[in-house]
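Step one of this worksheet: look at the structure below.
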Amino acid sequence: MSIPAIKGMNDILPGEIETWQFLEATARQVFGTYGFAEIRTPAVEKTELFCRSIGETTDIVEKEMYTFDDKSDNSLTLRPEGTAPVMRSFIQNKLYNLDPVSKLYYMGPMFRYERPQKGRYRQFHQIGAEVLGVEDPKIDAQVLAMLHQYFCQIGIEAVSLQVNSLGCPECRPAYRQQLIEYLEQRLDKLCADCQRRYQSNPLRVLDCKAAGCKEATVDAPSMLEHLCGACDEHFNTVKKHLTALAIPFEVNARMVRGLDYYVRTTFEMVTDQLGSQNAVAAGGRYDGLVQSLGGPALPGIGFAIGVERLVLMKGADKIAPTVPQLFIAALGDEAADQAFVLMTKLQRAGIQAEMEYQGKSLKAQMRRANKLKANYTLILGEEELKSGQAQLKNMVDSSQSPVVLDRLAETLMDKFAAEKG
Ligand code: HAM
């Protein structure tokens with residue numbers, strides 16, 4: 001019996017991987033322009049790292065982590081997100097000693113035990129970026145400018161940017177208390193989950209999808225009306241810079257993030273093309289996080305993009321896989337040996353060449369060349385081996401031209417260059 005993959009964890013196959021490679025290469029290029037360097041952290045960390053950063057009462061920590069004991073009884077967790085591991089590495093490797101500002105990006109698999117559905121998986125991939133060391137609202141706008149440019153460059157337009165401010169440890173506690181009191185009056189209207197968490201995580205109720213919770217909180221007090229002077233000014237300045245950079249955004253005062261480390265600016269890139277999984281990217285500021293994990297008191301801000309969701313949005317607009325530039329059809333064993341040497345020489349010269357290994361008829365070989373969408377074919381038989389010449393067939397316009405086998409690589413290069421114009 002064959003063994004299937006784990007539910008909610010997907011293979012990424014040829015034909016689809018080209019879109020992934022395009023999305024990743026564009027991220028490297030765009031993020032590089034903004035001065036970000038790549039960081040890679042392990043897929044597994046100590047469980048404590050996520051409990052302390054994401055928050056004990058969040059959905060992620062309460063029910064979605066892949067946590068297990070290793071053979072030495074250490075509690076380990078497959079990373080559910082990338083920010084905490086990057087902070088751990090930043091502190092452990094004292095990256096703050098290299099420069100007062102650190103700009104880091106990462107890409108890779110994350111793991112959450114969620115109910116799989118379109119756009120939501122148990123292994124999914126994020127492309128994320130984090131900036132450490134800057135409190136100035138310019139950096140909030142800069143990070144959003146980079147995210148905006150990334151979406152423009154990958155050709156995804158059906159997204160809108162929503163921003164909010166979640167205040168800080170100065171102003172949030174009073175607001176939180178007011179919200180708890182508001183919710184207490186309406187407990188019977190809330191779903192079971194929210195009745196349980198309205199004290200430990202009241203903001204989460206604002207984000208609940210249950211109809212009763214939505215209705216009960218339509219006129220709930222808003223964080224934006226309770227920001228302290230410094231947070232209010234910070235948020236206004238972020239908006240001013242976004243406007244100056246011509247980045248479209250809307251304020252969504254009900255946006256609540258599912259991770260506890262956020263303060264001040266939070267944001268989401270949302271789309272109406274993916275049903276209920278509408279966030280394609282999300283992030284925000286986490287000024288106290290580095291210090292709470294044992295590092296220096298440095299502010300931070302970042303985001304993560306859900307790559308599967310981008311791939312779904314690219315949909316029909318897929319990146320075409322590469323095709324062979326030359327297919328060599330060989331007739332007979334000796335020609336096949338020569339074709340093999342010729343093909344490898346071409347590959348060494350950087351030309352994508354292909355041949356048939358099963359000694360099939362010429363007709364079958366040409367069928368395969370067509371199926372692979374090869375640009376050119378070359379037929380190699382006894383005659384051609386003797387004369388050292390063969391016919392190169394252009395598969396697009398069916399024209400043929402003679403070619404000296406010893407000069408095949410150069411001839412092909414000239415043709416490709418001429419075609420590129
Ligand atoms: P997050 O909102 O939990 O934030 O995830 C960011 C993005 O990852 C989501 O907007 C979504 O596109 C994608 N995503 C999350 N869960 C899944 C899933 N189960 N299946 C498919 N895609 C998913 C964070 O993870 C923060 N670390 C972002 C951040 C970075 N904040 C500051 N810096």
Side-chain angles (χ1 to χ4, degrees), residues 6-10 12 20 23 27 31 36 39 41 45 49-50 53-55 58-61 63-66 78-88 90 102-132 134 139-140 143-144 146-147 150-151 156 159-164 166 204 207 255-271 273-290 293 299-313:
I6 295 166
K7 192 176 166 197
M9 303 201 182
N10 300 313
I12 307 161
W20 285 74
L23 295 171
F31 296 2
F36 284 69
I39 182 166
T41 63
E45 298 273 357
L49 174 68
F50 301 112
S53 54
I54 298 171
T58 57
D59 283 354
I60 298 180
V61 171
K63 30 187 190 197
E64 294 170 0
M65 295 207 301
Y66 279 91
L78 298 186
R79 60 179 180 193
E81 58 107 49
T83 309
V86 171
M87 295 311 115
R88 196 263 314 131
F90 175 77
S102 300
K103 299 188 198 174
L104 303 164
Y105 77 86
Y106 52 90
M107 42 185 82
M110 309 290 158
F111 305 85
R112 294 185 195 174
Y113 193 79
E114 293 193 82
R115 200 166 46 78
Q117 62 182 80
K118 183 182 167 197
R120 189 163 73 193
Y121 310 99
R122 290 184 173 170
Q123 174 177 293
F124 60 99
H125 295 74
Q126 288 186 339
I127 298 179
E130 316 287 352
V131 183
L132 292 143
V134 190
I139 207 73
D140 304 47
V143 162
L144 287 168
M146 182 167 94
L147 189 60
Y150 179 67
F151 275 87
I156 291 185
V159 282
S160 57
L161 171 63
Q162 302 195 338
V163 296
N164 192 19
L166 290 180
R204 204 76 194 123
D207 194 37
M255 187 211 300
V256 173
R257 305 279 300 116
L259 304 96
D260 278 358
Y261 49 61
Y262 290 114
V263 292
R264 294 192 164 175
T265 318
T266 50
F267 53 84
E268 284 186 357
M269 282 280 205
V270 295
T271 179
Q273 295 189 347
L274 294 178
S276 56
Q277 307 311 311
N278 67 344
V280 279
R285 214 169 237 291
Y286 45 84
D287 292 348
L289 182 58
V290 177
L293 291 173
I301 179 166
F303 62 77
I305 304 166
V307 186
E308 280 79 0
R309 294 184 188 179
L310 292 187
V311 173
L312 281 171
M313 286 188 77

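One-based numbering, in listed order, for ligands and for the atoms of each.
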Ile54 CD1 to Leu49 CG distance, which is reported to the nearest 0.5 Å: 7.5 Å
Heavy atoms from other residues, nucleotides or ligands near OH of Tyr113 exceed 12 (cutoff 6.0 Å): no
For Phe31, ring pair (Phe, Tyr, Trp, His ring centres under 6.0 Å) partners two or more places apart: Tyr105, Tyr150, Phe303
With sequence neighbours excluded, residues passing ring pair (Phe, Tyr, Trp, His ring centres under 6.0 Å) with Phe90: Tyr96
Nearest-0.5 Å distance that lies between atom CZ in Phe111 and atom CZ in Arg79: 7.0 Å
Any residue meeting salt bridge (Lys or Arg N to Asp or Glu O under 4.0 Å) with Glu45, in chain and number order, not counting sequence neighbours: Arg88
Atom-level proximity to ligand 1, residues with heavy atom under 4.0 Å: Glu81, Thr83, Tyr106, Arg112, Glu114, Gly119, Arg120, Tyr121, Phe124, Gln126, Glu130, Arg257, Leu259, Tyr261, Tyr262, Ala279, Val280, Ala281, Ala282, Gly283, Gly284, Tyr286, Gly302, Phe303, Ala304, Gly306, Arg309
